[in-house]
Peer 1: 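Before I ask anything, let me first share the structure, which is written out below as structure tokens.
Proteins get letters first, then strands, A, B, ... in listed order; numbering begins at 1 in each.
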There are 2 protein chains.
Amino acid sequence: MPSERPRAVTINDVAALAGVSIATASKALNGRGQVRAETRDRVFAAARELSFQPNPLARSLVTGQTRTVGLLTSDSVGRFGIPVMLGAEDAFGSGETAVLLCDARGDAFREQHYLRTLLARRVDGLIVVGESTDPRPSISRDLSIPVVYAYAPSDDPEDVSFVPDDVAGSGDAVRHLIALGRRRIAHVTGPTHYTAARERAEGALGALKAAGLPLSGDRVVYGAWSQRWGRHAAEIVLNADPDVDAVFCGSDQIAAGLIEAARERGRRVPDDIAVVGYDNWEVLSEETRPPLTTMDMNLELLGRTAAQHLFAAIEGRATSGVHRMPCRLVIRDSAAPPTPR
Amino acid sequence: MPSERPRAVTINDVAALAGVSIATASKALNGRGQVRAETRDRVFAAARELSFQPNPLARSLVTGQTRTVGLLTSDSVGRFGIPVMLGAEDAFGSGETAVLLCDARGDAFREQHYLRTLLARRVDGLIVVGESTDPRPSISRDLSIPVVYAYAPSDDPEDVSFVPDDVAGSGDAVRHLIALGRRRIAHVTGPTHYTAARERAEGALGALKAAGLPLSGDRVVYGAWSQRWGRHAAEIVLNADPDVDAVFCGSDQIAAGLIEAARERGRRVPDDIAVVGYDNWEVLSEETRPPLTTMDMNLELLGRTAAQHLFAAIEGRATSGVHRMPCRLVIRDSAAPPTPR
DNA sequence: TACGTTTCCGAAAACCTTTTATTTTGCTTC
DNA sequence: GAAGCAAAATAAAAGGTTTTCGGAAACGTA
């Protein structure tokens, strides 16, 4: 047994020291009810002197609010959930709300277990962060606390979800290439069964169409999210259209592989081929040669925003629907306007 | 306001339904005290029928145990804290203990704030996970709850810390190269002011010395943790000793850069130069050409172990000192025994 | 003085569980 | 059938806070 704790100071002690009843002390400390300024000051002084910290358990027991939210990540070994999670944590942590972390590791059964645990602990709300932008099953059904979904939207449109706006982001990426004067733009991306891959293709094609430009190679080159695939895709793209002058990649991994392979085949980046990636995964995007122009999904901001909305919902101001958060192009050398010398 | 919650079912309801007093119901459910088997069954049946879940707040209020631990990460934007944190979460989450996540983001002031918050919430223990293996200030001083440190050890030897055994790991890495028949082994690593860099160099040099081999180039090549530095270091190493036949790198980023540059200078990996990395950061180690043999620090296991020890400490079985956890060599093609054809 | 208004304060209930101390029950023994 | 005893059940306290509601004090007015 750890040594006997030195019995924490309670509101009783504060009240006694201030010479008032505990009711008055409570009201003074919480700024509720009628209490004379002079009395309030006395109470505060006493609380400070004893360095009183109200016992949140007792408080929660009576108010029913725990000032705690559950953060349910479906699979955080992956890469995208982490920043979202940290953004959310940041938003809550700077306030009074604490975050209970639960990583279900992609296991629906474990998710159920955690959900029960969190409900038993009387959390005030729940934030569910996913690992891909594919919609995920809703858990909000007959839950009496608010839930928001981040990164992976809920499949129930009644719920509130925050996802990156991949369609707009990809449009921006392609428009950037067009603005740089590129006219033969290809698109290499991940597996077609990912919502992210499909939406990014949609945005890219939309921007090309709006500019009256064809897609180099005529078809979106779907494959995998890996660097290996990027290297392979470089050949496909170059064979399909030897005069291709830009490639928009669905991920930084793909872009890194593609740049490497293009370089080995003697194409200069960005002079011969401009390349834009997606994700701004800095270990890659800052280390390619040249460094990668890429789309940043602002995942921390996304998490933070989701957390703020959950907070609003807890206070009764609920929203609903899927909110698409803007992405931001990070311009590095692989696709940049000419720098004046 | 969210719709009125449908007043949760309490142990009173269970007791009433089972036709016993709440004291008996409590004892029956917790398996404490003397209660007839038949009565216990009745209580359990009632609890099940009402799907009773005890209110942990009320329970904690009386027992003083919250079944909650704080997870204080000093800077989780970095890469190494995350797996440790997830490992810890996993260890707790599978039990009854919940994890309060606090990310201090490398800010000592914020850390203090979180520490106060966690103590106010009466957590049963604290796990502090760092971002590098450099020792960090202890926070255990006159804290009445147990604390364990993971990845970054505490600077107070009285505390209990879990860190990767980089000295032994590096020794293994170099011995692996020696076993492959390499005799001119160089070591490229990060900045000298990192404990990790110094310890890995120490382990590497020790293994060389024990085998009676010199260090290729005569000196450890300290620099940065980046891929860029790896590329640059390749030149240094090759110039210092053109016949170098193996390089042990202090990180996968360095190794990736080094492999790339060596390849461009016409050296074949692993035939001419075998390369071993450190970290097993899979986005790099699986994507280099050839895939990278590298040292995995088992960070999740480390986090899990730390969590288990915290648990033990909470139950009164405390340990102390710095525990060095073994690393594990992941053999891929960049330094592998010849495969039989 | 009697009375109505404010303004401030405090007693006590409520939140839900565990635990201690006490009472009741059921059984054995003489 | 009473006494004694162990086993089983319960009443009540404790844990720390918020909140309701009634009461006291202070003050002004008739």
Peer 1: Measure from the side-chain N and O atoms of A:Asn30 to the backbone N and O of A:Arg32, and report whether any donor-acceptor pair falls under 3.5 Å.
Peer 2: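 Not at all, since once roles are kept as given, no pair shorter than 3.5 Å links the two residues.
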Peer 1: Measure the distance from CZ on A:Arg122 to P on C:dC15 and round it to the nearest whole Å.
Peer 2: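 So the CZ-P distance, A:Arg122 to C:dC15, works out to 13 Å.
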Peer 1: Closest approach of A:Val147 and A:Val160, non-hydrogen atoms and distance?
Peer 2: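 Closest pair (atom of A:Val147, atom of A:Val160, distance): O-CG1, 3.5 Å.
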Peer 1: Judged by modelled atom types alone, do B:Thr73 and B:Asp103 share a side-chain donor-acceptor pair under 3.5 Å?
Peer 2: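 Result is yes, a qualifying pair exists.
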Peer 1: Under 3.5 Å between N/O atoms: give me all the protein pairs with nucleotides 7-10 of chain C, atom names plus distance.
Peer 2:
residue, atom, partner, partner atom, Å
C:dC9, OP1, A:Arg36, NH2, 3.4
C:dC9, OP1, A:Thr39, OG1, 2.5
C:dC9, OP2, A:Arg36, N, 3.0
C:dG10, OP2, A:Ser21, N, 2.8
C:dG10, OP2, A:Ser21, OG, 3.4
C:dG10, OP2, A:Thr24, OG1, 2.9
C:dG10, O6, A:Lys27, NZ, 2.8

Peer 1: Side chains of A:Ser132 and A:Tyr151: do they bring a donor and an acceptor to under 3.5 Å?
Peer 2: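 A:Tyr151 and A:Ser132 do not have a side-chain donor-acceptor pair below 3.5 Å.
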Peer 1: For B:Arg110, look at atom CZ and say whether over 12 heavy atoms of other residues, nucleotides or ligands are found less than 6.0 Å away.
Peer 2: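 Yes.
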Peer 1: Within this structure, what is the CD1-to-C1' distance between A:Ile11 and D:dA14, rounded to whole angstrom?
Peer 2: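 Nearest whole value for this atom pair: 17 Å.
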Peer 1: Five pairs at each end of the helix from C:dT1-D:dA30 to C:dC30-D:dG1: take the axis at both ends and give me the angle between them to 10°.
Peer 2: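 If I round to tens, the end axes sit 70° apart.
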Peer 1: For B:Asn30 and C:dT18, what is the distance between atoms CG and C1' respectively, to the nearest whole Å?
Peer 2: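 B:Asn30 atom CG is separated from C:dT18 atom C1' by 8 Å.
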Peer 1: Of the listed nucleotides (D:dT19, C:dT17, C:dT18), which one gets closest to any side-chain atom of B:Thr63?
Peer 2: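 So the nucleotide nearest the side chain must be C:dT18.
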Peer 1: Respond yes when some side-chain nitrogen or oxygen of A:Asn55 is under 4.0 Å from OP1 or OP2 of D:dG15, and no when none is.
Peer 2: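 So the side-chain polar atoms of A:Asn55 never come under 4.0 Å of the phosphate oxygens OP1 or OP2 of D:dG15.
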Peer 1: Ion pair present between A:Arg136 and A:Glu111, side-chain N to carboxylate O less than 4.0 angstrom?
Peer 2: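 Yes, this pair counts.
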Peer 1: Can you name the nearest heavy-atom pair linking A:Asp124 to A:Pro146, along with the distance?
Peer 2: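 Where A:Asp124 meets A:Pro146 most closely, the heavy atoms are O-CD, 3.5 Å.
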Peer 1: Please determine, by modelled atom types, if A:Ser154 and A:Asp159 share a side-chain donor-acceptor pair under 3.5 angstrom.
Peer 2: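 A:Asp159 and A:Ser154 do have a side-chain donor-acceptor pair below 3.5 Å.
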Peer 1: How close or far is atom C1' of D:dT17 from atom CZ of A:Arg32, stated in whole angstroms?
Peer 2: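 So the two atoms are 11 Å apart, to the nearest Å.
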Peer 1: Applying side-chain hydrogen bond (donor to acceptor under 3.5 Å, both in side chains) to B:Arg105 and B:Ser74, what does each step give before you reach the verdict?
Peer 2: CA-CA 5 Å; B:Arg105 306 188 168 226; B:Ser74 51; over 6 Å; no
Peer 1: When you check the phosphate oxygens OP1 and OP2 of C:dC16, does a side-chain N or O of B:Asn12 lie under 4.0 Å from one of them?
Peer 2: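 Answer is no, no contact under 4.0 Å.
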Peer 1: For A:Leu29 and B:Leu61, find the nucleotide of DNA chain D closest to each by heavy atoms; which residue's nucleotide sits nearer the 5' end?
Peer 2: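 The answer here is B:Leu61.
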Peer 1: Rounded off to whole Å, could you give me the CZ-to-P distance for the A:Phe52 and D:dG16 pair?
Peer 2: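 Result: 10 Å.
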